[in-house]
Amino acid sequence: MTRRLPPFGPLIAFDAVARHRSFTRAADELGVTQSAVSHQVRRLEDFLGVQLLKRLNPGVELSDDGAKFQGELATHLDGIAGLEPSLRRRPGRQTLRVGAGSSLAAWWLVRRLRSFRALHSDIEIDFVPVESEAVGEPSLDVRILWTTLAESRATSLQASLFRERVFPVCAPSILPRGRPLSDPAALLDLPLIQKRHTPSGEWSWATWLRKLGLKRAEPRGLVLGDMGLCLTAAVEGAGVAIGRSLLVADAISDGRLVPALATAPDMLSTKVHIARWSPDLIGDRNTQVLVSWLAQAAEETSRGVSNGSPP
């Protein structure tokens with residue numbers, strides 16, 4: 001008996017739109033245009049004979065049929081993801097093209113790829129630095145992204161990797177006797193390195209000074225374009241930067257950086273790193289090996305930072 005199956009591409013497009021409640025974000029996830037995603041969803045609606053989405057201006061909502069279908073579809077996609085991976089691997093596939101932000105790559109990921117190769121010599125990694133999800137970026141198999149908690153849940157196309165802790169760091173040379181400050185007020189005597197684009201929350205010196213009970217209208221010091229530059233300046237003794245636990249782990253381990261404060265608590269990042277892969281890699285064995293290794297390596301690094309001896 002011939003099965004009447006819905007088209008797979010439109011199913012993936014609808015799943016992305018339903019999760020994000022946005023055609024734009026779904027298009028970014030899938031690496032296609034917004035109009036292409038809309039066309040795919042229309043094709044699925046035509047196939048099923050029901051309206052799945054309520055197209056608003058702005059935004060999108062699920063219809064009653066769409067909400068019911070999303071729940072059923074998620075179950076089936078998870079089932080597909082659990083099938084024997086070797087049945088769905090591309091023949092002879094040995095290379096994964098992986099993208100991540102340059103700061104994460106330079107300060108943490110790239111130096112650990114040798115360890116991955118030692119464990120999994122059959123999997124080659126072709127790494128590409130990527131700064132956004134924008135359409136037009138290089139074609140990638142796996143992309144490491146920094147996203148909100150709400151968008152980080154596990155799906156057939158993504159998995160949560162790690163959530164960093166945030167705390168001030170600096171070169172020991174700018175601290176008295178090279179040791180973390182026991183009095184947070186001493187921060188006011190040091191230049192504070194700030195990331196550009198008016199950071200907020202845990203990335204803002206205004207938030208940290210307020211948390212420490214200190215008053216200053218504006219932090220004085222360098223304003224730099226990205227996290228990597230801020231940490232490089234901190235290593236060179238230019239001031240105190242707000243660091244991320246994974247990125248500063250190796251620099252703390254070898255003494256290039258130290259926590260600037262001896263007793264102040266860190267803050268948990270409001271964003272989460274996730275791995276997201278292309279639809280044709282659902283259940284791919286090599287992809288799952290890489291993602292599992294990334295999560296484990298991040299956990300080991302975070303544990304090392306907590307113990308005072310990053311791996």
Chi angles and distances behind the side chain to side chain contact (heavy atoms under 4.5 Å, CB included) call for T148, V272: CA-CA 6 Å; T148 63; V272 181; over 6 Å; no
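- In this structure the side chain of W203 reaches within 4.5 angstrom of the side chain of S269, judged on heavy atoms.
- Put simply, the side chain of T287 never gets that close to the backbone of G283: no donor and acceptor are under 3.5 Å apart.
- Salt-bridge annotation for K271 and E164: absent, with no side-chain N of the basic residue lying under 4.0 Å from a carboxylate O of the acidic one.
- With rounding to the nearest 0.5 angstrom, the CZ atom of R276 is 10.0 Å from the OG atom of S152.
- A donor-acceptor contact shorter than 3.5 Å is absent between the side chain of S38 and the backbone of S35.
- Using a 4.5 Å heavy-atom cutoff, the side chains of E61 and L56 are in contact.
- Between V248 and G243, the closest heavy-atom pair is CG1-CA, 4.0 Å.
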Test log, rule side chain to side chain contact (heavy atoms under 4.5 Å, CB included), inputs L261 and L212: CA-CA 10 Å; L261 301 171; L212 296 169; 3.7 Å; yes
Chi angles and distances behind the side chain to side chain contact (heavy atoms under 4.5 Å, CB included) call for T207, M267: CA-CA 11 Å; T207 298; M267 296 189 198; 3.9 Å; yes
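- Side-chain contact annotation: E202 with T270, donor-acceptor N/O pair under 3.5 Å present.
- Checked against side chain to side chain donor-acceptor pair (under 3.5 Å), S292 has no partners two or more places apart in sequence or in another chain.
- Between L175 and L181, some side-chain heavy-atom pair lies under the 4.5 Å cut-off.
- Within the 4.5 Å cutoff, no side-chain heavy atoms of I123 are placed close to those of L290.
- In this structure, Q70 and L62 have side chains that are in contact, with non-hydrogen atoms separated by less than 4.5 Å.
- Taken to the nearest 0.5 Å, the SG atom of C230 stands 6.0 Å off from the CE atom of M227.
- In this structure, L294 and L109 have side chains that are in contact, with non-hydrogen atoms separated by less than 4.5 Å.
- L190 and V223 fall into different hydrophobic clusters, defined by Ile, Leu, Val, Met, Phe, Trp and Tyr side-chain heavy atoms under 4.5 Å apart, directly or through other members.
- The two residues V37 and A27 have their closest heavy-atom pair at CG2-CA, 3.7 Å.
- Geometric assessment of R244 against the ring of W146 yields a positive cation-pi assignment under the 6.0 Å and 45° thresholds.
- Heavy-atom contacts from other residues, nucleotides or ligands closer than 6.0 Å to CG of D126 number more than 12.
- S278 has its side chain out of reach of L140: every pair of non-hydrogen atoms, C-beta onward, lies at least 4.5 Å apart.
- Taking a cutoff of 4.0 Å between a charged side-chain nitrogen and a carboxylate oxygen, R111 and D250 qualify as a salt bridge.
- The pair E151-R19 fails the salt-bridge criterion, with no side-chain N (NZ, NE, NH1 or NH2) lying under 4.0 Å from an Asp/Glu carboxylate O.
- Between D141 and R97 no salt bridge is recorded (no basic side-chain N to carboxylate O distance below 4.0 Å).
- Residue pairs that meet the ring-ring contact (aromatic ring centres under 6.0 Å, His included) test with at least one member in residues 46-70, sequence neighbours left out, are F14-F69.
- The main-chain N or O of A249 is never found under 3.5 Å from a side-chain atom of S253 such that the two would form a donor-acceptor pair.
- If you take OG on S204 and NZ on K195, they are separated by 12.5 Å, rounding to the nearest 0.5 Å.
- In this structure a side-chain-to-backbone donor-acceptor pair under 3.5 Å is present from Q51 to L53.
- Once rounded to the nearest 0.5 Å, the distance linking NE2 of H120 with CD1 of I125 reads 9.5 Å.
- Taking Ile, Leu, Val, Met, Phe, Trp and Tyr as members and joining any whose side-chain heavy atoms lie under 4.5 Å apart, directly or through other members, the hydrophobic cluster of L229 also contains I193, L222, L224.
- Taking the charged nitrogens against the carboxylate oxygens, D122 and R285 do have a contact shorter than 4.0 Å, which makes a salt bridge.
- The shortest heavy-atom contact between V60 and S22 is CG1-N, 3.5 Å.
- Note: the hydrophobic cluster containing L104 does not contain L268 (ILVMFWY, side chain heavy atoms under 4.5 Å, direct or indirect links).
- When atom types are taken as modelled, the side chain of W277 and the backbone of S156 share a donor-acceptor pair closer than 3.5 angstrom.
- Side chain of S63 to main chain of L52: a donor-acceptor pair is present (N/O by atom type, distance under 3.5 Å, no hydrogens or angles).
- Among residue pairs with one or both ends in residues 37-53, those qualifying as salt bridge (Lys or Arg N to Asp or Glu O under 4.0 Å) are E45-R55; sequence neighbours excluded.
- Under the rule for a side chain to side chain contact (heavy atoms under 4.5 Å, CB included), H39 has no partner lying at least two apart in sequence or in another chain.
- Looking at every heavy atom in both residues, C170 comes nearest to A260 through SG-CB, 4.0 Å.
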From CA spacing to verdict: side chain to side chain contact (heavy atoms under 4.5 Å, CB included), L247, S103: CA-CA 8 Å; L247 270 61; S103 296; 4.0 Å; yes
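- Remark: W108 engages T301 in a side chain to side chain donor-acceptor pair (under 3.5 Å) (not counting sequence neighbours).
- Using a 4.5 Å heavy-atom threshold, the side chains of W208 and L214 count as separate.
- Taking OG of S173 as the reference point, atom CD of E236 lies at 9.0 Å (rounded to 0.5 Å).
- Contact record, W205 with P168: CH2-CB, 3.7 Å, taken as the closest heavy-atom pair.
- Taking OG of S245 as the reference point, atom CZ of R303 lies at 13.0 Å (rounded to 0.5 Å).
- In terms of heavy atoms, I274 sits closest to Q158 at CD1-OE1, 3.6 Å.
- S121 places no side-chain N or O within donor-acceptor distance of the main-chain N or O of R117, the cut-off being under 3.5 Å.
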